[in-house]
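For reference, the structure discussed in these notes is given below.
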Amino acid sequence: MRPLTLSASNPAELADDVLVVGVTTKGSNDRLIVPDDKMLSRTIRRAIESSLTMVGASAKPEQLTKIPPVAGVSAEMILAVGLGDMSEKDFGPENLRRAVGRAVLELTDNPRIVISLPAKTPDEVAAIAQGALLGAYRFEDFRGVGTTKPKKAPRSITVVTPEASDRHTKEAVRRAATVAKNVWFARNLVNAPPSALHPKELAEATQSAVAKLPIKCTVLDERALKRGAYGGILGVGQGSANPPRLIRMEYSPPRPKVHIALVGKGITFDSGGLSLKPPKAMETMKCDMGGAAAVIAATLAIAELKIPARVTTYAACAENMPSGTAQRPGDVLTTYGGKTIEVLNTDAEGRLVLADALVRAGEDEPDYIIDVATLTGAQMVALGSRVSGVMGNDAFVREDIERASETTGEQFWQMPLPKELRKSLDSPIADLANIGDRMGGMLVAGLFLQEFIPKGTPWAHLDIAGPAFNEGEPHGYTPSGGTGVAVRTLVQFVRDTADSNRT
Ligand code: BES
Ligand code: MN
Ligand code: ZN
């Protein structure tokens, strides 16, 4: 993690490589404005404005313009980032987070960055800091001696604000940075090639991450899974030379306000199994442990932030491969707790590993269960690659997730679980089939999971299939590849739920 500092020094005089400023317009007037950050002098802001106007800069959100330093600025370059129209109502923390993230994502060659953007509240300073850190993420572990020049992470980031020594501001920034660090962790797990991160390595990475935190971590290996009769995880894992794992984390602070179970899908590679995927569809399937990465990283952040909630977390990890030992379409497996499932399509494997983990999570008698999974291609058809689906059996939890996501800037949208689709999951020989109606596939998958939730426990299911992995160009603070989506919303949800202390 690169250091991020808050400073109340004059940004114009901080002799660093890059000075990042914002540029806006106001209402119908399209004059470019460098908004007052209470740090840069009016003279310098006016000089930057005319320089930006001269080169035809734009204030469109996330638009970047590089200009030489104006008189009085010691940085080698000024990078202006569009903040959109100041008078619009979506002008808030997420706008700042995305703008600064976009600016930092773009900068290469190890720059030292000074950021001078307007912030009215501690939350807005924290959003700037978090955007910078999220945008500073680089994944370079697997670069060799090739010719493509990797993007070098910034050497240092300084956020200037007159409130640099204000207690609330410092605390908000510390929280935002802790969360960002764990988003990096989740992104690293998702970006790791599937040959470098089998279920075993995912469990080991979790165990080393909890070392300095008040989290108990236990891992069930293939033998323990057999002993415990975790038929769903074993069934999916049986085709692979790399055996499955069930990771359990427990953060149990003194006097918790609430007990929340987090459950994540951890398929380290999804080939589809014998219901093999076509090659194109397999290219990104290292991302199929994105739900596990999110719940693990969120749990780390929650413990590090000492949020007063008990959190028990399960990551159901397996590699879905075709082989002579793989499960076959038509096989029936017995999940943890005894329900039987006819596996008609081995590519609908996420719900099989989650079935075991959800039943196990229910045994801890949490107040809420939240599961996170790259569960269905249908999610992407319905909501695209940036908006995750929220389903569940309780309107309050669904709303709480949605509200948390509005705070963090992640996009989650409620979807229904229509009763009439449930019967498409009936099996002639087992309790349940693992596929049903193709239409509404995201909802059918949600209805399948619901069968494994204890009656009366409020539950939300987050389908992050699209948003977990950015197949396109970077945008805002979101790089290409693993995004770490859901980490921030989960932390926010747990914090809000502990605060409101409804139970
Ligand atoms: N991991 C996939 C879902 C997925 C697709 C995630 C694209 C990210 C991007 C999941 O295991 C899967 O294969 N689902 C099937 C279910 C179907 C067989 C009922 C799907 O969506 O096609
Ligand atoms: Mn699959
Ligand atoms: Zn999958």
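When a ligand or atom number is given, it counts from 1 through the structure's own listing order.
Taking each of G466, A465, G350 in turn, the one with a heavy atom nearest to atom 8 (C) of ligand 1 proves to be A465. Evaluated by nearest non-hydrogen atom to atom 10 (C) of ligand 1, the leading choice among N320, T376, L375 is L375.
The closest side-chain heavy-atom distance from E201 to E204 is below 4.5 Å.
Near I435, meaning under 4.0 Å from any of its heavy atoms, are these atoms of ligand 1: 19 (C). Taking a cut-off of under 4.0 Å to the non-hydrogen atoms of E349, the atoms of ligand 1 that pass are 11 (O). Less than 4.0 angstrom separates some heavy atom of K265 from each of these atoms of ligand 1: 1 (N), 10 (C), 11 (O). Listed by atom number, the atoms of ligand 1 under 4.0 Å from T374 heavy atoms are 1 (N), 2 (C), 3 (C), 6 (C).
A donor-acceptor distance shorter than 3.5 angstrom exists from the side chain of D356 to the backbone of I233, with no hydrogens or angles considered. Formation of a donor-acceptor pair under 3.5 Å by the R488 side chain with backbone atoms of V183 is not found in this model. Looking only at distances, a side-chain donor or acceptor of K286 sits under 3.5 Å from a matching main-chain atom of N191. Between the side chain of N393 and the backbone N or O of W459 there is at least one donor-acceptor pair closer than 3.5 Å. Remark: side-chain polar atoms of D437 are not paired, donor with acceptor, to backbone N or O of M439 under 3.5 angstrom.
Counting protein heavy atoms under 4.0 angstrom from atom 22 (O) of ligand 1 gives zero.
Nearest heavy-atom pair across L246 and A357 is CD1-CB, 4.3 Å.
Among the atoms of D288, an N, O or S atom falls under 2.8 Å from the Zn ion (ligand 3). For the Zn ion (ligand 3), the N/O/S atoms of G350 include none lying under 2.8 Å. At least one N/O/S atom of D347, whether from backbone or side chain, sits less than 2.8 Å from the Mn ion (ligand 2).
Residue-ligand proximity: Q379 is placed with every non-hydrogen atom at 4.0 Å or more from ligand 1. At least one heavy atom of M285 sits under 4.0 Å from some atom of ligand 1. At least one heavy atom of R351 sits closer than 4.0 Å to an atom of ligand 1.
Among protein heavy atoms, atom 15 (C) of ligand 1 sits closest to D347 O, 4.0 Å. With respect to atom 1 (N) of ligand 1, the closest heavy atom belonging to the protein is D288 OD1, 2.8 Å.
Heavy atoms of M380 found under 4.0 angstrom from ligand 1 belong exclusively to the side chain. Contact annotation: for N345 versus ligand 1, heavy atoms closer than 4.0 Å belong to the side chain alone.
With respect to E349 and K265, a salt bridge is recorded, a charged nitrogen being found less than 4.0 Å from a carboxylate O. Salt bridge status for E94 with R97: present, with a side-chain N to carboxylate O gap under 4.0 Å.
Side-chain polar atoms of Q492 and T407 form no donor-acceptor pair below 3.5 angstrom. No hydrogens or angles considered: a donor-acceptor pair under 3.5 Å links the side chains of Y137 and N188.
For the pair R360 and Y230, the cation-pi test (distance below 6.0 Å, angle within 45°) is failed.
E349 contributes OE2 and K265 contributes NZ; the angle these two atoms make at the Zn ion (ligand 3) is 90°, rounded to 10°.
Surrounding CD of E363 are more than 12 heavy atoms belonging to other residues, nucleotides or ligands, all under 6.0 Å away.
Nearest N/O/S atom of D270 relative to the Mn ion (ligand 2): this is OD2. For D270, the N/O/S atom at the shortest distance from the Zn ion (ligand 3) is named OD2. The Mn ion (ligand 2) lies closest to atom OE1 when only the N/O/S atoms of E349 are considered.
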